[in-house]
Amino acid sequence: APVIRLEDYQPTDYLIDTVSLAIGLHPTETRVTATLALRPNPAGHAGASLALDGDELVFVSAALDGSPLAADAYTASPEKFVLHRPPQQPFTLTIETCVNPTANTKLMGLYRSNGTYCTQCEADGFRRITYFLDRPDVLSVYTTRIEADADTPLLLGNGNPAEAGALADGRHFAVWHDPFPKPSYLFAIVGGDLDHVEDVFTTASGRKVKVAVYVERGKRERARYALDALQRAMRWDEEVFGREYDLDVFNIVAVSAFNMGAMENKGLNIFNDKYVLASADTATDSDYANIEAVIAHEYFHNWTGNRITCRDWFQLCLKEGLTVFRDQEFSSDARSRPVKRIADVRVLRSAQFPEDAGPLAHPVRPRAYKEINNFYTATVYEKGAELIRVLKTLVGGQHFRRGMDLYFERHDGTAATIEEFIACFAEASGRDLSAFSQWYEQAGTPRLSARGRYDAGAKTYTLTLAQTTLPTPDQPEKRPMVIPVALGLIGESGRELPLTTADGATDGGVLVLDGAERTVIFTDVEERPVPSLLRGFSAPAILDLDLTDDDLLVLFAHDTDAFNQWQAAQTVATRIIVRAVEALHAGGTVQVPVGLAQALGHFLDARALRDPAFAAQVLSLPGEADIAREIGENIDPEAIFTARKAVRETLGQALAGKLAHLYGELAIDAPYSPDAAQAGKRALRNGVLGLLTAGDAARGEALARAQFDAATNMTDRLGALSVLSLVAGEAREAALQAFYDRYRDDPLVLDKWFALQASIPEAGTLERVKRLLSHPAFSLSNPNRTRALIGSFAMANLTQFARADGAGFAFVADVILQLDPANPQVASRLSTAFRTWKTLEPGRRAHAEAALRRIAAATPLSQDVADIVTRSLA
Ligand code: HT7
Ligand code: ZN
């Protein structure tokens with residue numbers, strides 16, 4: 001496949017002002033007639049031929065300005081339609097194509113999900129519906145007429161409903177008109193027989209918008225939370241960003257077969273039903289929080305992505321990073337800001353840091369790609385969101401808002417670039433942001449080191465910050481980034497010390513490091529301080545601190561920044577587990593200093609009942625992947641697992657009394673509500689149960705069994721089942737069976753059942769997963785099911801995926817090859833599970849490499865998977 005490069009960007013030679021589509025839905029032969037109003041682009045090459053993109057299309061006919069085209073005037077293949085000599089004034093081109101939605105297993109373009117017709121066009125799926133200039137800088141006004149049989153009563157499109165009616169033979173039609181020019185990737189239609197919930201949302205300026213959520217029949221009640229989240233997101237965007245909704249309707253449709261999370265099509269968001277459907281009995285508190293976040297995310301795209309879209313796919317972070325930032329802020333306002341920040345940083349570190357440190361590393365704005373679908377990454381999304389946060393910290397809240405306002409005002413209705421976005425903030429703040437913009441160009445996570453020296457006589461504290469970034473593929477030399485370091489000084493007595501410097505270097509509690517190194521001298525420091533750095537995780541960097549464990553425990557006890565309080569406990573726990581891994585390697589035993597257990601005990605006494613959601617984050621110790629990242633190379637997953645387990649066992653025993661007491665105290669006797677307060681209690685109670693069981697398996701198992709039997713909601717039931725799943729034996733199998741029997745007809749809950757079993761860190765799990773592959777409820781053609789069983793095994797079960805005998809890698813490679821012909825996008829995602837293979841110890845590394853080479857050598861192999869495995873092996 002050719003490499004597409006940012007530097008080669010050229011505007012199109014033609015523009016498409018309006019698109020009129022007539023779609024006759026049929027399970028296997030859907031007819032699409034597209035009438036495109038074209039004209040030469042003044043910015044393009046005059047007289048050029050017109051080449052429209054296609055993908056597996058069946059060409060039927062073509063006409064120019066209403067007259068059939070002569071055979072020598074065009075060429076049509078499944079992948080291209082070329083009009084050789086287009087008129088050099090405005091003209092219309094009418095092309096008829098035929099597509100088969102039932103045979104569409106790639107779930108891109110028009111396909112059927114459980115009988116419902118739906119579309120997915122981002123990034124390049126529109127060309128699977130009709131020939132088009134299928135790129136984001138071609139903006140057109142769409143009118144869509146959909147026709148279907150009586151068994152498909154619901155017909156939805158982008159924009160506002162214009163007309164609908166009955167036709168002969170029981171067929172009927174609906175016309176939708178979207179007045180906002182949009183790129184083809186935001187096009188969507190839905191046809192089906194669905195239930196819905198609806199409401200009227202009144203915008204800030206008083207316009208009435210009909211909002212609705214459509215779901216499969218029988219699931220109506222489970223759509224209410226999503227509808228509520230949508231309306232809260234609409235209000236929040238008005239209040240915080242001054243953005244009002246712009247159409248008369250906003251529709252959300254949930255489908256069960258979907259490659260990703262959801263899609264922000266204009267006025268017609270289409271969702272993976274996992275991010276819509278919720279009830280106390282079927283969804284966990286985390287599911288509710290995810291639904292709220294994804295509903296908000298897709299809604300926020302209406303301004304950041306749709307009204308202002310991307311000039312080309314290299315600018316993807318312009319809409320994705322910014323919209324993730326917006327949904328994170330929304331959830332922070334709706335729930336607890338520090339807890340949300342911790343959760344987001346956990347995601348960044350577990351998904352983006354390994355990407356940035358491995359063979360798939362790329363800048364937030366990549367410069368080249370072969371397969372764009374492989375660039376919907378944690379780097380573009382999550383690191384992209386961090387860069388918006390860095391920008392906000394650098395220019396300040398007021399200038400940030402003014403910059404956003406300017407961006408909306410100046411670029412509304414256009415396809416923009418990162419440069420244009422940053423220019424708005426430079427203008428609004430009067431600052432030179434050229435150094436900041438380097439964050440978008442350079443891959444890799446900066447390592448920030450801090451060295452401090454206290455002079456008790458002079459009462460000065462000298463802090464030296466330095467940064468380096470390791471080389472990444474194609475970028476051997478790295479430049480320093482602009483790193484805003486939010487900081488404070490905590491005295492050993494526990495009080496926050498004032499920050500005084502001769503030059504006001506830390507105004508607002510933020511020190512900006514914009515070179516390789518910077519030293520600051522704090523004066524009037526009355527006692528030896530412990531520095532609290534990168535507060536709130538003020539930049540996406542890896543912090544290397546010269547603090548002792550005791551210093552960290554001071555921060556854990558006294559830091560006024562909740563994020564760093566949590567971070568201090570995590571760092572101490574990480575160090576203890578890493579030392580335990582080293583001890584095991586040296587043939588020794590695991591030692592856990594009493595300090596951490598004592599500090600956790602004090603913390604739980606003081607905070608557990610006051611702030612359970614935060615306490616749950618503190619109690620949830622670093623995972624195996626966190627420890628692996630800290631160790632960095634020559635990873636032995638078994639040693640990490642054993643060390644971590646031993647540390648948890650020691651802590652569980654040391655805190656046994658407190659944990660048992662808390663477990664009782666945290667029980668809720670009110671009816672279930674997914675709100676943050678109740679969810680926090682349940683999260684902590686489940687965390688407490690886990691740690692308690694780590695210390696005393698028999699006692700924990702009994703409590704878990706009782707919790708499982710008495711549970712009135714999915715969070716408690718699945719929390720108990722997760723604990724039970726770690727203890728091999730009859731009780732576990734009985735609980736798994738009971739869970740299956742209860743939810744056998746509920747696909748989303750069955751996904752949890754598959755995922756949990758694939759995550760069991762035991763030698764027998766591979767056999768279990770292989771058995772489950774032929775379970776009647778399993779199917780590789782449903783992406784959620786595949787991700788639940790195979791994705792969980794490959795991404796959330798390090799010891800078993802990376803088995804010493806290589807059988808885990810070989811198995812996942814087999815599944816990738818089996819899935820690839822049907823759904824390359826899902827297969828390609830799955831193959832990113834190998835992204836950290838080079839950090840493994842030599843034996844496992846060799847097995848992983850062999851599996852990757854076997855995939856790479858397979859024919860045929862999709863461009864999607866080929867791109868990932870080739871880059872992984874490079
Ligand atoms: N903008 C969307 C990303 C997307 C996608 C969604 C479903 C299937 C294929 C897809 N390719 C890209 C989702 C979002 O970030 O909001
Ligand atoms: Zn998005």
Side-chain angles (χ1 to χ4, degrees), residues 55 104-111 113 118-129 134-136 158 182-188 190 230 233 237 252-276 290-310 312-331 347 351 364 366 369 371-385 388 782-784 786-787 823-830 832 862 864:
D55 182 9
N104 184 353
T105 59
K106 294 184 179 169
L107 315 187
M108 292 295 289
L110 176 68
Y111 67 95
S113 165
C118 62
T119 54
Q120 171 57 39
C121 292
E122 187 174 5
D124 46 15
F126 191 67
R127 66 186 67 182
R128 294 170 60 79
I129 299 172
D134 192 12
R135 42 186 277 177
N158 304 109
K182 67 168 174 288
S184 52
Y185 82 84
L186 291 173
F187 171 83
V190 167
L230 170 65
D237 213 14
I252 290 175
V253 180
V255 299
S256 57
F258 204 69
N259 279 350
M260 306 257 273
M263 182 63 213
E264 70 264 25
N265 318 298
K266 183 78 188 190
L268 177 55
N269 289 1
I270 299 182
F271 270 64
N272 186 327
D273 60 4
K274 175 182 163 72
Y275 295 112
V276 172
N290 289 337
I291 289 168
E292 179 178 82
V294 180
I295 293 270
H297 178 98
E298 305 309 331
Y299 173 72
F300 296 154
H301 267 313
N302 190 54
W303 275 97
T304 50
N306 301 4
R307 289 287 288 258
I308 306 178
T309 194
C310 303
D312 52 66
W313 292 122
F314 296 103
Q315 321 295 329
L316 184 58
C317 63
L318 179 67
K319 74 177 179 82
E320 295 305 349
L322 178 56
T323 305
V324 170
F325 171 80
R326 277 153 53 69
D327 83 55
Q328 290 175 343
E329 285 295 294
F330 167 71
S331 296
V347 170
V364 172
Y369 64 78
E371 174 50 65
I372 186 55
N373 288 311
N374 287 338
F375 282 85
Y376 288 77
T377 59
T379 297
V380 170
Y381 278 65
E382 270 73 35
K383 188 173 177 182
I388 304 293
N782 181 284
N784 285 352
T786 303
R787 284 186 283 255
N823 192 331
Q825 259 186 39
V826 175
S828 153
R829 285 260 148 184
L830 209 50
T832 64
S862 68
D864 308 56

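Predicted model, so just to flag it, every value in this text is computed and none were measured. What you see below is based on every heavy atom in this structure, not just the backbone, and it leaves out hydrogens, waters and symmetry mates. Counting starts at 1 for both ligands and their atoms, following the listed order.
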Partner of His301 under side chain to side chain donor-acceptor pair (under 3.5 Å), picked from Glu320, Arg307, Lys266, Lys319, is Glu320
Let me see the working for Asn104 and Arg128 under side chain to side chain donor-acceptor pair (under 3.5 Å), right down to the final yes or no. CA-CA 10 Å; Asn104 184 353; Arg128 294 170 60 79; 3.1 Å; yes
Do you see a donor-acceptor pair shorter than 3.5 Å between the side chains of Ser828 and Asn374? yes
Mind checking whether Glu264 and Asn306 have side chains closer than 4.5 Å, heavy atoms only? yes
Within a strict 4.5 Å, meaning less than it, do heavy atoms of the Ile270 and Gln120 side chains meet? no
Just wondering, is there an N, O or S atom on Glu298 that's nearer than 2.8 Å to the Zn ion (ligand 2)? no
Salt bridge present between Arg829 and Asp864 (N-O < 4.0 angstrom): no
Have a look at Glu320 and say which of its N, O or S atoms is nearest the Zn ion (ligand 2). OE1
Using a 3.5 Å cut-off on N/O to N/O, what pairs does ligand 1 make with the protein? A line per pair would be great.
from, atom 1, to, atom 2, distance (Å)
ligand 1, 1 (N), Glu122, OE1, 2.5
ligand 1, 1 (N), Glu264, OE1, 2.7
ligand 1, 1 (N), Glu264, OE2, 3.3
ligand 1, 1 (N), Lys319, NZ, 3.3
ligand 1, 1 (N), Glu320, OE2, 3.0
ligand 1, 11 (N), Glu122, O, 3.3
ligand 1, 15 (O), Glu320, OE1, 2.9
ligand 1, 15 (O), Glu320, OE2, 3.1
ligand 1, 15 (O), Tyr381, OH, 2.5
ligand 1, 16 (O), Glu264, OE1, 3.3
ligand 1, 16 (O), His297, NE2, 3.2
ligand 1, 16 (O), Glu298, OE1, 2.8
ligand 1, 16 (O), Glu298, OE2, 2.9
ligand 1, 16 (O), His301, NE2, 3.2

Heavy-atom distance under 4.5 Å between the side chains of Val255 and Phe271, does that happen here? no
